[in-house]
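Working notes for the structure below.
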Number of protein chains: 2
Amino acid sequence: MAIDANLITGTLEAAGYRLTGPRRTLAELISREPGYFTAADLVAATGSADPAIGRATVFRVLELLSQLGLIERLDLPSGERAYLSCEPSHHHHVICSRCGRAADVADCGLAQVADEMGRRTGYRVAAHRLALFGLCPACQGQGGQP
Amino acid sequence: MAIDANLITGTLEAAGYRLTGPRRTLAELISREPGYFTAADLVAATGSADPAIGRATVFRVLELLSQLGLIERLDLPSGERAYLSCEPSHHHHVICSRCGRAADVADCGLAQVADEMGRRTGYRVAAHRLALFGLCPACQGQGGQP
DNA sequence: GCCCAGACGATACTCGGTCTCGCGAGCCGA
DNA sequence: TCGGCTCGCGAGACCGAGTATCGTCTGGGC
């Protein structure tokens with residue numbers, strides 16, 4: 001789920017980080033992404049938005065934002081690595097395997113399932129990661145895969 | 001969950017693949033891993049078990065086994081990429097964040113949760129991936145992190 | 001024992017990501 | 001106003017995972 005650029009810059013500022021030009025540009029670019037994006041996508045977008053911004057800076061900002069919970073790294077079934085901007089709260093993602101659009105979704109009882117799985121295996125479960133893949137409402141109308 | 005080397009070689013044979021020396025060696029090495037392992041681990045283990053086996057072969061076998069569902073690629077919360085040997089059926093993993101040992105766990109009602117998430121978002125969910133992280137029974141006794 | 005498709009090793013390459021270095025801008029106290 | 005400190009920056013080397021290519025080898029069916 002795309003988020004507002006102001007939420008990114010505001011969160012950065014609130015966390016005591018400086019609000020620099022490259023960070024504003026990247027916040028804008030990331031907030032404009034409707035679905036997931038790869039590192040290569042963002043580096044390319046950054047290059048055309050402001051060629052002065054370096055690759056290292058893009059990765060630094062990605063790491064910073066993922067620390068702040070504003071973006072999440074996710075791994076597609078294809079093995080690709082992607083990033084997804086999202087609200088900084090515990091939730092999961094449903095990702096359209098056709099257009100890449102993603103929706104946030106709340107726990108919906110997953111916590112109990114995780115507890116049950118922990119009970120059965122004897123593990124003390126501390127964290128879980130769930131990703132759902134399928135077709136978004138828009139792509140269902142058109143059928144098929146990319 | 002570690003699997004038997006014979007299951008690997010047997011599945012390979014049944015699927016019409018040749019049972020070569022390197023594949024036997026790799027099947028043995030993989031079945032000996034109690035938890036997850038990284039590509040680097042396996043390449044190193046292969047190097048000491050049989051220095052004649054090349055890096056490309058290790059990756060070829062990993063890809064082959066993941067096609068056959070005998071191993072699964074998974075991404076740790078640290079961002080590391082790892083592999084995990086497992087039975088070729090639909091299930092999920094509980095991974096010990098201390099010793100790396102993993103247990104397979106059946107669906108436990110996750111399918112309904114996934115359906116519910118799909119219903120709420122309007123997505124038609126086709127696949128899901130869940131990974132649980134925590135402490136295995138053995139590590140709970142010792143407390144703390146790695 | 002022969003033969004050949006499939007498997008192999010070596011190696012170069014791509015790609016995502018990290019590290020290092022030196023520079024510049026902003027902030028703060030003197 | 002000056003000087004020092006810190007943070008963020010760009011450039012570019014580097015690293016590790018994984019892929020592609022190519023010529024050679026070999027398992028296993030005949």
Side-chain angles (χ1 to χ4, degrees), chain A residues 8-9 11-30 33 36-68 71-84, chain B residues 8-30 36-68 71-84:
Chain A
I8 301 179
T9 53
T11 309
L12 275 174
E13 215 168 14
Y17 294 101
R18 286 190 197 159
L19 221 50
T20 64
R23 287 183 179 170
R24 280 178 206 272
T25 305
L26 283 163
E28 184 62 37
L29 289 172
I30 288 171
E33 292 286 346
Y36 61 77
F37 53 93
T38 64
D41 290 342
L42 189 59
V43 168
T46 307
S48 51
D50 183 353
I53 298 178
R55 230 166 67 90
T57 301
V58 175
F59 283 103
R60 271 190 287 250
V61 170
L62 282 176
E63 197 202 331
L64 195 53
L65 297 185
S66 90
Q67 270 175 24
L68 295 173
I71 62 173
E72 206 169 283
R73 199 144 83 169
L74 75 110
D75 296 270
L76 309 182
S78 65
E80 263 189 311
R81 246 181 212 188
Y83 296 88
L84 197 55
Chain B
I8 300 180
T9 54
T11 308
L12 275 175
E13 215 168 14
Y17 293 101
R18 285 193 196 160
L19 223 49
T20 65
R23 287 184 180 170
R24 283 176 205 273
T25 305
L26 283 164
E28 184 62 38
L29 288 173
I30 288 171
Y36 61 77
F37 53 94
T38 64
D41 290 343
L42 188 59
V43 168
T46 307
S48 50
D50 182 353
I53 298 178
R55 231 168 63 89
T57 301
V58 175
F59 282 103
R60 271 191 287 251
V61 170
L62 281 176
E63 197 202 332
L64 195 53
L65 297 185
S66 88
Q67 269 175 27
L68 294 172
I71 62 173
E72 206 168 284
R73 200 146 83 167
L74 75 110
D75 296 87
L76 309 181
S78 65
E80 263 190 311
R81 243 179 215 191
Y83 295 88
L84 197 57

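Chain A is the first sequence line, chain B the second, and so forth, proteins listed ahead of strands; every chain is numbered from 1. Values in this document were obtained by computation on a predicted structure and should not be read as measured data.
You'll find the side chain of B:L84 stays beyond 4.5 Å of the side chain of B:F37, heavy atoms only. Using a 4.5 Å heavy-atom cutoff, the side chains of B:L42 and B:Y83 are not in contact. Side-chain atoms of A:T46 and A:V43, non-hydrogen and from C-beta on, never get closer than 4.5 Å to each other. The shortest distance between side-chain heavy atoms of A:L76 and A:Y36 falls below 4.5 Å. Put simply, the side chain of A:T38 does not reach to within 4.5 Å of the side chain of A:R81, judged on heavy atoms.
A residue-by-residue look at B:E13 and B:Y83 shows that B:Y83 has its nearest nucleotide of DNA chain D further toward the 5' end.
Straight-line distance from the CD atom of B:E80 to the P atom of C:dT18: 12 Å, rounded to whole Å. Going from atom CG of B:L19 over to atom P of C:dG6 covers 16 Å, rounded to whole Å. In this entry the distance linking CG of B:D75 with C1' of C:dG16 reads 13 Å, nearest Å. Look at CZ on B:R24: it is 14 Å from P on C:dA7, rounded to the nearest Å. Taking atom CG of A:L42 as the reference point, atom P of C:dC15 lies 17 Å away to the nearest angstrom. Atom CG of A:L12 and atom C1' of D:dC9 are 15 Å apart (whole Å). Rounded to a whole Å, the CG atom of A:L76 is 15 Å from the P atom of D:dG18. Atom C1' of nucleotide C:dC8 and atom CG of B:L26 are separated by 12 Å, given to the nearest angstrom.
Considering all non-hydrogen atoms of both residues, A:T9 and A:A27 come closest at CG2-CB, 3.9 Å. Listed here is the closest heavy atom pair of B:S48 and B:A45: OG-O, 3.1 Å.
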Original post:
In dot-bracket, 5' to 3', how would DNA chain D read with Watson-Crick or G-U wobble pairs under 3.5 Å, [ ] for crossing ones and | for pairs to another strand?
Top reply: ||||||||||||||||||||||||||||||
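Here the CG atom belonging to B:L62 is positioned 9.0 Å from the CZ atom belonging to B:R73, to the nearest 0.5 angstrom. A distance of 14.0 Å separates CZ in B:R24 from CG in B:L29, rounded to the nearest 0.5 Å.
Near DNA chain D, meaning a heavy atom under 4.0 Å away, the residues from residues 59-68 of chain A are A:R60.
Within the 4.0 Å cut-off from OP1 or OP2 of D:dG16, not a single side-chain nitrogen or oxygen of B:R81 is found. Contact annotation: B:R18 side-chain N/O to C:dC8 OP1/OP2 distance is not under 4.0 Å. Distances shown here put every side-chain N or O of A:Y17 at or beyond 4.0 Å from the OP1 or OP2 atom of D:dT6. OP1 or OP2 of D:dG18 lies within a sub-4.0 Å distance of a side-chain N or O belonging to B:R73.
Interface remark: the A:R55 side chain does not form any donor-acceptor pair with the D:dG12 base, using a distance-only criterion of under 3.5 Å.
For A:T20, taking side-chain heavy atoms from C-beta onward, the closest of the listed nucleotides D:dA20, D:dC9, C:dG17 is D:dC9. Considering only the side chain of B:A56, C:dT11 comes nearest among D:dC9, C:dT11, D:dG18.
A donor-acceptor contact shorter than 3.5 Å links the side chain of A:R23 to the backbone of A:R18.
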